[in-house]
Amino acid sequence: MDAELFPRPRTTIAPGAVHVPDWLDARAQRELLAACREWAVPPAGLRTVRTPGGGTMTARQVCLGWHWYPYGYARTVVDGDGTPVKPFPDWLGELGRRAVRDALEEGAPGTVPYDEAPATGKPLYDIALINFYDGDARMGMHRDSDEESDAPVVSLSLGDSCVFRFGNTESRARPYTDVELRSGDLFVFGGPSRLAYHGVPKVHPGTAPPELGLAGRLNVTLRVSGR
Ligand SMILES: O=C(O)CCC(=O)C(=O)O
């Protein structure tokens with residue numbers, strides 16, 4: 001299979017939206033997975049997200065730094081056990097900055113100054129949403145628009161591969177591009193693509209690297225709150 005014989009190329013999917021295959025090596029994936037497992041434990045652990053219309057999201061979620069609920073942010077799990085959200089670790093902020101630096105070329109839309117620590121010395125990335133997909137879980141087309149910052153969104157994948165649908169900024173409909181995200185892949189979207197609709201219509205069960213020891217898919221999405 002070509003994909004196994006040749007390294008998958010880095011691809012610009014839209015201006016400011018870049019897929020970097022195999023960005024996390026096997027060890028980094030294992031370490032991130034171990035951290036996700038700790039974050040998933042209650043209090044403020046993995047939860048089912050309920051939407052205002054009475055539906056539920058099939059991917060379960062845990063947040064760090066700021067708690068996301070449909071449709072806003074809070075410091076406590078306002079739609080769950082009410083406890084304070086777990087802290088966002090500095091190392092994860094560093095990972096986010098490095099991801100932006102590696103994915104977006106210098107001077108590309110959305111880069112500056114999001115790959116640098118701000119003058120306050122506070123980590124720039126301060127929100128993580130960790131989504132866990134098992135069974136038939138998927139995620140509908142949506143925009144990440146509850147932040148007060150236009151810093152790029154950083155997305156890291158672990159476990160099963162999936163179809164990641166990256167669309168346009170106008171509507172959930174076409175045109176969109178389907179990208180296969182595998183364990184260790186990085187996807188960054190900023191600049192003119194920051195508010196593009198995106199979603200996960202399909203996860204391929206049983207495709208995780210066996211040595212990782214994860215059944216299902218985890219996605220770690222890093223964002224800047226701007227708060
Ligand atoms: O799981 C993914 O790759 C996408 C996650 C996502 O779109 C989100 O958390 O807003």
Side-chain angles (χ1 to χ4, degrees), residues 11 13-14 16-24 29 32-33 36 39-40 46-51 55-73 79 85 88 92 95-96 99 103 125-147 149-169 171-172 176-190 193-205 207-208 214-226:
T11 310
I13 304 297
V18 179
H19 174 213
V20 186
D22 302 315
W23 190 70
L24 294 173
Q29 290 178 49
L32 189 56
L33 172 59
C36 289
W39 296 326
L46 198 67
R47 80 193 200 290
T48 298
V49 182
R50 289 172 211 293
T51 53
T56 51
M57 283 172 57
T58 50
R60 283 174 289 158
Q61 194 173 82
V62 57
C63 306
L64 307 176
W66 286 91
H67 175 78
W68 179 81
Y69 62 96
Y71 295 96
Y73 282 103
D79 58 347
V85 65
F88 182 97
L92 201 53
L95 196 68
Y125 281 85
D126 59 351
I127 299 170
L129 268 58
I130 296 110
N131 298 298
F132 179 57
Y133 299 77
D134 59 358
D136 285 334
R138 64 194 76 160
M139 193 175 286
M141 294 293 274
H142 64 280
R143 298 197 293 179
D144 298 347
S145 55
D146 296 323
E147 300 75 37
S149 163
D150 58 1
V153 173
V154 170
S155 154
L156 297 163
S157 293
L158 295 174
D160 284 342
S161 58
C162 76
V163 177
F164 179 66
R165 183 160 289 171
F166 196 75
N168 61 85
T169 54
S171 82
R172 293 176 169 79
Y176 51 68
T177 305
D178 283 348
V179 181
E180 184 192 36
L181 293 184
R182 296 189 195 171
S183 197
D185 285 7
L186 164 68
F187 196 96
V188 173
F189 53 102
S193 290
R194 174 60 181 78
L195 290 178
Y197 283 90
H198 58 280
V200 177
K202 175 89 190 139
V203 175
H204 300 294
T207 53
L214 173 64
R217 173 174 187 264
L218 279 165
N219 173 258
V220 178
T221 294
L222 308 180
R223 306 176 184 175
V224 176
S225 69

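The basis for the numbers below is simple: all heavy atoms, side chains too, and nothing from hydrogens, waters or symmetry mates. Counting starts at 1 for both ligands and their atoms, in listed order.
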Only one of Ile127, Ile130, Val153 passes side-chain contact (heavy atoms from CB on, under 4.5 Å) with Thr221, and that residue is Val153
With a 4.0 Å cut-off, would you call Arg182 and Asp22 a salt bridge? no
Within a distance under 4.0 Å of any heavy atom of Met139, pick out the atoms of ligand 1 and give their elements. 5 (C), 6 (C), 7 (O), 8 (C)
Aromatic ring pairing Phe166/His198, orientation class (parallel under 30°, perpendicular over 60°, tilted between): parallel
Distance under 4.0 Å to a non-hydrogen atom of Val200: what atoms of ligand 1 satisfy this? 1 (O), 2 (C), 3 (O), 4 (C)
Just so I know, are the side chains of Arg217 and Val200 near enough to count as touching, which here means a heavy-atom distance under 4.5 Å? yes
Which of the numbered atoms in ligand 1 are below 4.0 angstrom from a heavy atom of Arg217? 1 (O), 2 (C), 3 (O)
Under 4.0 Å from one or more heavy atoms of Arg223, ligand 1 contributes atoms 8 (C), 9 (O), 10 (O)
Are Asp79 and Arg47 ion-paired here, with the side-chain N under 4.0 Å from a carboxylate O? yes
Minimum non-hydrogen distance to atom 9 (O) of ligand 1, winning option of Val220, Leu181, Asn131: Asn131
So for Met57, does at least one of its heavy atoms come nearer than 4.0 angstrom to any atom of ligand 1? no
Sub-3.5 Å N/O-N/O distance, Ser157 and ligand 1: no
Give the atom numbers and elements of ligand 1 that come within less than 4.0 Å of a heavy atom of Asn219. 1 (O), 2 (C), 3 (O), 4 (C), 5 (C)
Do the rings of Trp68 and Tyr71 sit parallel, tilted or perpendicular, given the 30° and 60° boundaries? perpendicular
As an exercise, state the distance from CZ of Arg194 to CZ of Phe189, rounded to the nearest 0.5 Å. 6.5 Å
Indicate yes or no: does an N/O atom of Ser155 lie under 3.5 Å from an N/O atom of ligand 1? no
Taking 4.0 angstrom as the limit and counting only heavy atoms of Tyr133, give me the atoms of ligand 1 inside it, by number and element. 1 (O), 2 (C), 4 (C), 5 (C)
Does ligand 1 have an atom under 4.0 Å from some heavy atom of His142? yes
Side chain proximity check, Asp185 to Val179, heavy atoms < 4.5 angstrom: no
